[in-house]
Enquirer: 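Before I ask anything, here is the structure I am working with.
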Amino acid sequence: MRKIITRLDFFKGLFKSKAVLFTANRFLSFILQLIVTTFIAVKLGPYYLGIWGIIKLLLRYLRYLNFGTALASSVLISSINSTSTEEYKKIIFNSFLINLSVGLLLILISVIVLSLNISFPGKFVFLDKMILLIAFVAISNHISKLFMDISRCFGNLGPIMLHQILLQLLLIPLLFIFSGNALIYALLYVTSGTHILSTIIYFVRLPFKIKINTSKRLIKKIFIKGINLLVFEMSLRFIMISASTIVSLYYTLEIVGYYTFSENIAEATLLGTQAIIYIFMPKVIQKIKGIETLQGKYELIKSLRYIHNHGMALVIFTVIVSFPVFLLFLKGFEINKIFTLLIIGFFFQSQQFGYLHLIMTYNREKYMSRATVIAVLINLGLCSLLTYVFKLDYIWLGFPTMFSMFINSYYAIYLGRKILKKECSFRIIFNDLIPQKFFWPILIFMLGVFTDYQNILSILAYAVFLLLNYKVLIEIIIKSKSIVQNNKNYKLI
């Protein structure tokens, strides 16, 4: 009887945990995104899916015109030791001012393009009539992302969960009403509307009222930190965008559609798995900053990475081995090989965890941003070489993308260990990035890409992973219970 009561108390604790609810909501959003993305692909067909892929690529470029202010504001808020809200208010208002100014400038440019009847070349001609609408989607995304990250800092997760789920739910009816070009317009309108509605909710639910308090010094500080953090934190997206750009320029719209679809699924998987990381990030930065000794910081990062890295491996390897089952419902979509390469690259990128937060705490983003630029240039160079010189199939572009993510994470670990004054030899950093218990399953997964027996080798790789890590995974599940059940672990005030 006592065991039953204990178990009931455990499940009650889980349902009271905002971290658990947020993660469950994130995975529900992920499943919905998977379903919606699949039906969009089917409904649009290869040609219009290619157009949708190019629009999404353009939106990804425009996303970075916020100059990283959303991330910069949340990092600055997390670094404040005082419980006074005045500093918070100043950071939030000036960050909003930057986003609003950029948005108005983007609209002005779009209006000028339309007024002068400037036409886009070749297969991009469809952008002529969509440019202003795309600008509105980008602006609404900038501002909603700013207030989303701010809400996260204060543990206000309800509006974030609503935003994530609405972004998928409101797209579902469109799939039954529209098709082709009309569906693309409908997707853009509804996406922008959802961002605007969510921004209003974020603003209303802030724990304090925002005051007009312009500060040139603070704007400059947010702007400079934002640019460094943008290149640093968004390195994954920059690497992905560089590969997507090569695909969109050289390959047919049908191939663009296939690549975009596999990339979207892989990225959605990563976002789903990083739900807990997203809400705990401000608290992790605060904890690292609060520990005085380097050894103490190292021990904290080591313990956090131990839990994070095994959890990421379990989820991503499970997705790889189950992906062929998903493809059974999508006849003609031969994307298992490119998907495997992309999601392994995403796994490499995720291994920055812990060291990434340390680098932000020590304001060393500018050094990491240089490494990101190098990784992007490596990816662009290798993708261009494989495409324009060797004229290989688009699947081969997965290898330079994966390698670039590896390089980026390698440098993040190197820089983090250097800050902590730990050994930085190639062997030590490589083992920190890919422990032996992960190396062998990854190697088998990659070997499967070169053979006609990919599904069999994927199952073998997954079995090897479970065999080598089952004790650790059980231990992590037990450790995770106390972390996620305590709602104070992610709130700053």
Side-chain angles (χ1 to χ4, degrees), residues 50 53-54 56-65 68 121-124 227-253 255-264 266-267 270 335 337-352 356 359 365-415 426 429-430 433-434 442-443 445-447 449-450:
I54 290 172
K56 291 196 73 175
L57 176 62
L58 180 57
L59 285 170
R60 287 165 73 181
Y61 275 118
L62 294 174
R63 185 184 302 173
Y64 304 119
L65 284 180
K123 61 185 174 184
F124 302 103
I227 290 176
N228 286 322
L229 282 171
L230 178 67
V231 181
F232 167 48
E233 175 71 2
M234 301 302 177
S235 54
L236 167 66
R237 298 188 185 276
F238 281 133
I239 292 170
M240 293 304 300
I241 283 176
S242 62
S244 299
T245 302
I246 297 296
V247 174
S248 65
L249 290 173
Y250 185 78
Y251 295 94
T252 64
L253 284 173
I255 294 297
V256 174
Y258 293 143
Y259 186 88
T260 301
F261 180 64
S262 56
E263 180 188 286
N264 287 344
E267 191 173 5
L270 183 67
I335 59 173
K337 294 183 185 295
I338 185 65
F339 174 81
T340 300
L341 295 174
L342 290 178
I343 203 166
I344 289 175
F346 282 16
F347 173 73
F348 291 158
Q349 188 77 8
S350 72
Q351 301 307 288
Q352 296 179 1
L356 179 148
I359 292 166
E365 306 92 1
K366 62 180 179 181
Y367 299 108
M368 191 62 209
S369 63
R370 295 169 189 170
T372 298
V373 171
I374 293 171
V376 171
L377 292 175
I378 288 172
N379 194 40
L380 274 172
L382 291 176
C383 286
S384 299
L385 188 68
L386 295 177
T387 302
Y388 295 107
V389 178
F390 295 103
K391 301 187 184 300
L392 295 177
D393 189 87
Y394 80 101
I395 291 171
W396 287 89
L397 299 187
F399 287 100
T401 302
M402 181 178 63
F403 177 69
S404 300
M405 293 179 188
F406 175 89
I407 293 295
N408 200 51
S409 290
Y410 181 92
Y411 186 78
I413 294 172
Y414 166 79
L415 185 57
F426 175 80
I429 297 175
F430 187 88
L433 177 54
I434 313 176
I442 288 172
L443 182 62
F445 277 127
M446 290 179 63
L447 286 174
V449 174
F450 293 99

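From a predicted model like this one, the values you see are computed outputs, not experimental measurements.
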Enquirer: Any heavy-atom pair between the side chains of Ile434 and Gln351 that's under 4.5 Å?
Expert: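 No; the side chains remain at least 4.5 Å from each other.
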Enquirer: Holding to side chain to side chain donor-acceptor pair (under 3.5 Å), I want the full list of residues that pass it with Thr340, two or more places apart in sequence or in another chain.
Expert: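 If we apply the side chain to side chain donor-acceptor pair (under 3.5 Å) test to Thr340, skipping adjacent residues, the hits are Gln454.
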Enquirer: Going by the rule ring-ring contact (aromatic ring centres under 6.0 Å, His included), which residues pair with Phe445 if we only count those two or more places apart in sequence or in a different chain?
Expert: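 Per chain and number, Phe445 pairs via ring-ring contact (aromatic ring centres under 6.0 Å, His included) with Phe317.
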Enquirer: Measure the spacing between CG of Leu59 and CD1 of Ile54 and express it to the nearest 0.5 Å.
Expert: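 Reported value, rounded in 0.5 Å steps: 12.5 Å.
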Enquirer: Tell me every residue that passes ring-ring contact (aromatic ring centres under 6.0 Å, His included) with Phe406, counting only those two or more places apart in sequence or in another chain.
Expert: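 With sequence neighbours excluded, Phe406 shows a ring-ring contact (aromatic ring centres under 6.0 Å, His included) to Phe348, Phe430, given in chain and number order.
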Enquirer: Just to verify, what does Ser384 make a side chain to side chain donor-acceptor pair (under 3.5 Å) with, not counting sequence neighbours?
Expert: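 By the side chain to side chain donor-acceptor pair (under 3.5 Å) rule, Ser384 matches no residue at all.
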Enquirer: Starting from the C-alpha separation in whole Å, work towards a yes-or-no answer on side chain to side chain contact (heavy atoms under 4.5 Å, CB included) for Leu62 and Leu65.
Expert: CA-CA 5 Å; Leu62 294 174; Leu65 284 180; 3.7 Å; yes
Enquirer: If every non-hydrogen atom of Ile359 is compared with every non-hydrogen atom of Ala412, which pair is closest and at what distance?
Expert: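 Shortest heavy-atom contact: CD1-O, 3.6 Å.
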Enquirer: Quick check for you: to the nearest 0.5 Å, what is the distance between Met405 atom CE and Asn379 atom CG?
Expert: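 Met405 CE to Asn379 CG: 7.5 Å, rounded to 0.5 Å.
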Enquirer: According to side chain to side chain contact (heavy atoms under 4.5 Å, CB included), who are the partners of Leu392, at least two apart in sequence or on a separate chain?
Expert: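 Per chain and number, Leu392 pairs via side chain to side chain contact (heavy atoms under 4.5 Å, CB included) with Leu386, Phe390, Trp396.
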Enquirer: Taking only residues two or more places apart in sequence or in another chain, which ones pass side chain to side chain donor-acceptor pair (under 3.5 Å) with Tyr61?
Expert: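 With neighbours one apart ignored, the set is Thr245.
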Enquirer: Can you name the residues that form a side chain to side chain contact (heavy atoms under 4.5 Å, CB included) with Ser409, not counting sequence neighbours?
Expert: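 Per chain and number, Ser409 pairs via side chain to side chain contact (heavy atoms under 4.5 Å, CB included) with Gln349, Gln352, Leu433.
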Enquirer: Would the Tyr250 and Tyr388 ring centres measure less than 6.0 Å apart?
Expert: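 Ring-ring flag for Tyr250/Tyr388: true, centres closer than 6.0 Å.
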Enquirer: Restricting to non-hydrogen atoms, name the atom on Cys383 and the atom on Leu397 that form the minimum distance, rounded to 0.1 Å.
Expert: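 For Cys383 versus Leu397, the nearest heavy atoms are O-CD2, 3.7 Å.
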Enquirer: Name all residues meeting the ring-ring contact (aromatic ring centres under 6.0 Å, His included) criterion together with Phe403; count only those two or more places apart in sequence or in a different chain, and write none if there are none.
Expert: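 Checked Phe403 against ring-ring contact (aromatic ring centres under 6.0 Å, His included); zero matches.
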Enquirer: Tyr394: what forms a ring-ring contact (aromatic ring centres under 6.0 Å, His included) with it, not counting sequence neighbours?
Expert: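 Expected list: none.
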Enquirer: Between Ala375 and Ser404, what is the shortest heavy-atom contact and its length?
Expert: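 Closest heavy-atom pair between Ala375 and Ser404: O-OG, 3.3 Å.
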Enquirer: Nearest 0.5 Å, please: how far is OH in Tyr251 from CD1 in Ile246?
Expert: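 Ile246 CD1 to Tyr251 OH: 9.0 Å, rounded to 0.5 Å.
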Enquirer: Find the distance between CD1 (Ile374) and CD1 (Ile407) and round it off to the nearest 0.5 Å.
Expert: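 Going from CD1 on Ile374 over to CD1 on Ile407, the span is 10.0 Å.
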Enquirer: How many angstroms lie between atom CG of Leu58 and atom OG of Ser248, to the nearest 0.5 angstrom?
Expert: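 Answer for the CG-OG pair, Leu58 versus Ser248, is 10.5 Å.
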Enquirer: Name all residues meeting the side chain to side chain donor-acceptor pair (under 3.5 Å) criterion together with Glu263; count only those two or more places apart in sequence or in a different chain, and write none if there are none.
Expert: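 In terms of side chain to side chain donor-acceptor pair (under 3.5 Å), with neighbours along the sequence ignored, Glu263 is linked to Arg60, Ser244.
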Enquirer: Which atoms form the tightest heavy-atom contact between Val449 and Lys337, and what is the distance?
Expert: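 Closest pair (atom of Val449, atom of Lys337, distance): O-NZ, 2.9 Å.
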Enquirer: OG/Ser350 to CD1/Ile343 distance, rounded to the nearest 0.5 angstrom?
Expert: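 These two atoms lie 10.0 Å from each other.
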Enquirer: Can you name the side chain to side chain contact (heavy atoms under 4.5 Å, CB included) partners of Ser262, sequence neighbours left out?
Expert: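 Here the qualifying residues are Ile335, Ile338, Phe339, Leu342.
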